[in-house]
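Residues take their numbers from the sequence shown, with the count starting at 1.
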Amino acid sequence: MPAPRVRAGGPRRDRNPAAIAVLAAAGLTLPFLGKASTLDEETHLFVASWLRQAPARPFDWVRAFQPFHDPGPGDYFLHPHPPLWHYFLAAWGTVAGEGAAGRLLGPLLLALAAVAVAGLARRAGAHPRAAALLFVTSPVAVLAAHDSFMLDIPLLAFVASASWAAAEAGARRSLPLAALSGTLAAAGGLVKYTGLLAFPGLIALLLATAAGPVTGGRAPPDRPDPRDRGRDPAPPSPARRAPVAALALAAAAPALLFTAAFQLWTFVAHGRLHLPYVFAEARLIATSPPTFRVAATLAALGGVAFAPGLGAWLGLRRGGVDRVVAVVAAIALGTAALAWTGVARGGGALRGAPPYSAIEIVAVVALASAGAAALLGALRSSRDGVGAALALLGIGVVAGQVAGLGFASARYLAPALPALAVLLTRLPPGRAFPAALSLQAALALGLGIADAQLVGGYPRLAAEVDATFPEPPGRTRWVCAEWGLRDALVRRGFRPVPPRGRRGSAATPSPDPRPGDLMVRARVAPADPACDAFVTEPEGSVALRSSFPLRLMDRDRHAGYYGDWWGLLPFSLATGELERVTVHRVTRAPPWQGPGADALPASGR
C-alpha cells in the first residue's frame with residue numbers, strides 16, 4: 001500500500017531550511033573550538049605530520065600503540081583506514097594548524113552536510129527544514145563535528161553530499177551529478193571503509209528518483225512544490241534526460257574505479273591488498289558479543305542519534321491499530337535486545353564495575369525500544385521507491401556496522417543520520433516538534449560540554465600525576481592508557497608500553513617496563529593489553545572530578561558512548577569522578593602472556 005500524499009502546507013513553513021540549519025550547526029559547534037585532543041585525534045594528526053615528510057609512503061610511519069605488534073616501518077599497513085583524510089589533514093594543518101582555527105573543519109563539514117540533507121529532503125518528499133534541523137541537532141552529528149580531526153565528520157559529510165547528488169542526479173537525469181555522487185561515495189570509502197556500506201543505497205536512491213514521482217511526502221520531483229519556485233530549475237526536456245542505465249554506470253564507475261585503484265596501489269607498494277588484510281587482522285582488536293552490539297546500537301539510536309523519544313515519536317505518528325502494533329513491537333524488540341545480553345542476570349559488566357541496577361536496566365530497555373521504534377517508523381515511511389532506497393541507505397549502514405565491526409559505538413551511527421532524518425520527516429512534524437527539537441539541541445549541547453570536560457581534564461590530570469609521582473632515579477614512567485590521556489602524559493616524558501610486550505623495537509629502543517618502573521593506568525581511557533603481562537602494585541591514584549551531571553563514559557553507571565565495553569547506555573546522569581588514574585610500581589616483568597579478560601578495544605581502529 002503506497003504511503004499517503006501529505007498536504008504541502010503554508011508557503012512559509014520551509015523557508016530557507018539550509019540557512020537555518022547552518023545557524024544551528026554554528027551555535028552547537030563553534031563554542032567548542034578550543035576542545036582538547038580526544039579519542040584517536042592525536043593518532044590521525046601524527047599520521048598527517050608523517051605524510052608531510054613522506055607523502056608517497058602513508059603506511060611507513062612508526063608508533064607504539066595497540067593492536068600492532070613489533071612496530072617497524074611498513075608494519076602500520078595494518079592501520080585500518082585509508083589515508084585520504086590524513087592527506088587532507090596534512091594540507092589543512094599547514095594552513096590552519098591544529099588549534100582552534102584547525103577545528104573549524106568540524107563546523108564547516110557539519111554545515112555542508114546539513115545543506116545536503118535539506119536538499120535531499122526536498123527531492124525525497126520530506127520537509128526540508130524539519131529534516132535539516134532534526135539532523136543538525138542530533139547529538140551524534142554534533143559530537144562528530146566537535147572532534148574535527150577524527151574520521152566521523154568527513155565520512156558524514158561525504159555520505160550526506162553523495163546522497164543529495166544521487167537524488168538530484170536521478171530527478172534531473174544528469175550524468176555529471178551521477179558522476180559526482182559516485183566520486184563523493186568513493187571519497188567516503190577512502191576516508192573510512194565503512195563508507196562503502198552506503199554505496200548500494202546511493203545507487204538505489206539514484207534509480208528510485210529517476211523512476212518516477214515520489215509518493216511518500218510533499219511533492220514529486222517532476223512537479224515542483226510552489227514553495228520552491230525560483231529555487232529549483234525546471235526539469236530537463238525529455239531529449240536531454242540521460243537513460244537510467246547510463247546514470248547508474250556514471251555513479252558506479254568513479255566509486256569502483258577509485259576504490260580499486262587504491263587497493264591496486266597498496267598491492268604494488270606493499271604486496272598486499274589493504275582492505276582484505278585489515279579484515280583478516282581485525283581479530284587483534286578486542287570484540288564485544290553480537291548481542292551487546294545490537295542492544296547498544298538500539299539504545300544509541302533511541303538516546304543520542306535522536307533525543308530520547310524524539311525518533312520514536314516521529315516514526316510512530318500514524319494512528320489506529322497500526323501505531324499500537326508498532327509500539328508493542330518496538331518495546332518487544334528493546335526488551336529482547338537487553339535479554340539477549342544477559343546483563344539482567346548479572347553478566348556483561350567490566351571487571352571492577354558493578355552489575356547493572358534496576359534503573360539502568362529499565363533505561364536500556366526504554367532507549368532500545370525508542371531506537372527500535374525509530375527504525376520501524378523509518379521502515380513505515382519507505383513504502384515507495386525513494387523511501388525504500390533511503391531505508392537501505394540508513395538502516396543498511398546501521399545493520400552493516402553491527403554485523404561487521406567489533407563493537408558498537410554511538411558515533412558509528414553518524415553516516416546513517418541523513419537518510420534516517422529524511423525518512424522520519426516525510427510526514428508533517430507536528431506542533432510539538434519545535435519543543436522536542438529544542439530538547440534535542442539542549443542534549444547535544446550538554447553532551448558536548450561533558451565530553452569537553454573529560455578530554456579537557458586530561459592535561460590537568462597528567463600535570464598532577466607528573467608532579468605527584470616524579471620519575472624515580474634510573475627508572476622509567478610508562479603509560480598504560482590511550483586517547484588524549486596518553487598524549488598528555490607522553491608530552492610530559494612518559495613512555496607508551498611497547499605493543500604486545502616486544503622488547504627493543506624501532507619505536508621503543510628502551511626495554512619493556514622493568515621492576516621498579518612506574519606504570520600509569522586509567523579507569524576510563526582504555527589500556528593496552530600488553531600491560532596485563534606485568535605484575536604491579538598500586539602506589540596511589542589521582543582523580544578528575546566534575547559537578548556537571550552528564551557522562552559519556554562511565555564504567556560504574558554503564559555509559560559507553562564510544563564503546564559498548566563500558567556499558568550499553570549511551571550516556572549517564574552522575575556527578576563527581578570523571579576519571580581516575582592509578583600509578584603502579586612494576587614488581588615483575590614476565591614475557592608476553594596475551595591480553596587479559598578485561599582488555600578494551602582501541603576506539604576507532
Rounded to the nearest 0.5 angstrom, the CG-CG distance for Leu205 and Leu393 is 7.0 Å
side-chain contact (heavy atoms from CB on, under 4.5 Å) between Glu360 and Leu568: does it pass, once the steps are laid out?
CA-CA 9 Å; Glu360 289 166 349; Leu568 298 175; over 6 Å; no
Here the gap from Lys192 atom NZ to Tyr412 atom OH, rounded to the nearest 0.5 Å, amounts to 5.0 Å
Next on the checklist: Is there a side-chain contact between Val343 and Val364 in this structure, where contact means two heavy atoms from C-beta onward sitting under 4.5 Å apart?
Outcome noted: no
*Test Ile20 against Leu23 for side-chain contact (heavy atoms from CB on, under 4.5 Å), laying out the working first.*
CA-CA 5 Å; Ile20 294 172; Leu23 290 175; 5.6 Å; no
Heavy atoms of Leu110 and Ala25 approach each other most closely as CD2-CB, 3.9 Å
Task: CA sep, side-chain torsions, deciding dist, call: Arg173, Val244, side-chain contact (heavy atoms from CB on, under 4.5 Å) - done: CA-CA 7 Å; Arg173 297 290 186 91; Val244 173; 3.9 Å; yes
Is the shortest heavy-atom distance from the side chain of Leu375 to the side chain of Leu333 under 4.5 Å? no
For the side chain of Thr341 and the backbone of Thr291, is there at least one donor-acceptor N/O pair under 3.5 Å apart? no
field: Pair Arg426 + Asp384, salt bridge at N-O below 4.0 Å
entry: yes
I want to check something: taking the side chain as every heavy atom from C-beta on, are Asp451 and His146 in contact at a cut-off of under 4.5 Å? no
Below 3.5 Å, can you tabulate the donor-acceptor pairs from side chains in residues 435-445 to any protein atom, sequence neighbours excluded?
{"residue": "Ser438", "atom": "OG", "partner": "Pro434", "partner atom": "O", "Å": "2.9"}
{"residue": "Gln440", "atom": "OE1", "partner": "Ala307", "partner atom": "N", "Å": "2.8"}
{"residue": "Gln440", "atom": "NE2", "partner": "Leu134", "partner atom": "O", "Å": "3.0"}
{"residue": "Gln440", "atom": "NE2", "partner": "Thr137", "partner atom": "OG1", "Å": "2.8"}

Next item on the list: Would you confirm whether Arg551, through its side chain, and Ser572, through its main-chain N or O, come within 3.5 Å as a donor-acceptor pair?
Entry: no
In this structure, CG of Leu578 is separated from OG of Ser547 (nearest 0.5 Å) by 9.5 Å
Smallest heavy-atom separation, Phe135 atom then Ala114 atom, equals CE2-N, 3.7 Å
Measure from the side-chain N and O atoms of His558 to the backbone N and O of Pro354, and report whether any donor-acceptor pair falls under 3.5 Å. yes
In short, ring-ring contact (aromatic ring centres under 6.0 Å, His included) pairs touching residues 326-349 with sequence neighbours left out are none
Margin query: So does Ala408 get a backbone contact from the side chain of Gln401, meaning a donor-acceptor N/O pair under 3.5 Å?
Written below: no
(message) Under a 3.5 Å distance rule, please check whether Thr425 uses its side chain to pair with a backbone N or O of Val422 as donor and acceptor.
(response) yes
When rounded to the nearest 0.5 Å, the distance separating CZ of Arg122 from CH2 of Trp164 is 10.0 Å
Sequence neighbours excluded, the answer for salt bridge (Lys or Arg N to Asp or Glu O under 4.0 Å) partners of Asp147 is Lys35
One should read off an interatomic distance between Leu392 CG and Leu202 CG, to the nearest 0.5 angstrom, of 9.0 Å
- Start with the C-alpha distance between Arg123 and Glu168, add both sets of side-chain angles, then the distance that settles salt bridge (charged side-chain N to carboxylate O under 4.0 Å, His left out), and finish with yes or no. CA-CA 7 Å; Arg123 281 300 182 195; Glu168 287 291 320; 2.9 Å; yes
> Between Asn16 and Ala19, is there a donor-acceptor pair closer than 3.5 Å when you use the side chain of the first and the backbone of the second?
Replying inline: no
ask   = Do Leu454 and Glu579 come within less than 4.5 Å of each other through their side chains, counting heavy atoms only?
value = yes
Shortest non-hydrogen pair, Ala178 vs Leu206, comes out as CB-CD1, 3.8 Å
For Pro549 and Thr575, the nearest pair of non-hydrogen atoms, with its separation, is CA-CG2, 3.9 Å
Report task. Please test Leu143 against Leu552 for side-chain contact (heavy atoms from CB on, under 4.5 Å), starting from the C-alpha separation and ending with a verdict. Result -> CA-CA 11 Å; Leu143 287 175; Leu552 275 79; 3.7 Å; yes
### Query
Do Glu577 and Asp556 come within less than 4.5 Å of each other through their side chains, counting heavy atoms only?
no
**Q.** Plane angle bin for Trp483 and Tyr562 - parallel if under 30°, tilted between 30 and 60°, otherwise perpendicular
**A.** perpendicular
Could you tell me if the side chain of Leu390 sits less than 4.5 Å from the side chain of Leu120, heavy atoms only? yes
When every non-hydrogen atom of Ala421 is compared with those of Phe306, the smallest separation belongs to N-CZ, 4.4 Å
Exercise. Any donor and acceptor pair, going by atom type alone, linking the side chain of Trp566 with main-chain N or O of Tyr561 inside 3.5 Å?
Worked result: no
Query raised in the report: Is a side-chain N or O of Ser181 found less than 3.5 angstrom from the main chain of Ala162, in a donor-acceptor match?
Result: yes
Between Pro128 and Ala126 the two heavy atoms that sit nearest each other are CD-O, 3.3 Å
Quick one, Thr297 and Val398 - any side-chain contact, counting heavy atoms below 4.5 Å? yes
CD1 of Ile361 to CG of Leu569, rounded to nearest 0.5 Å, is 10.5 Å
Check: Leu427 and Ser381 side chains under 4.5 Å, non-hydrogen atoms
no
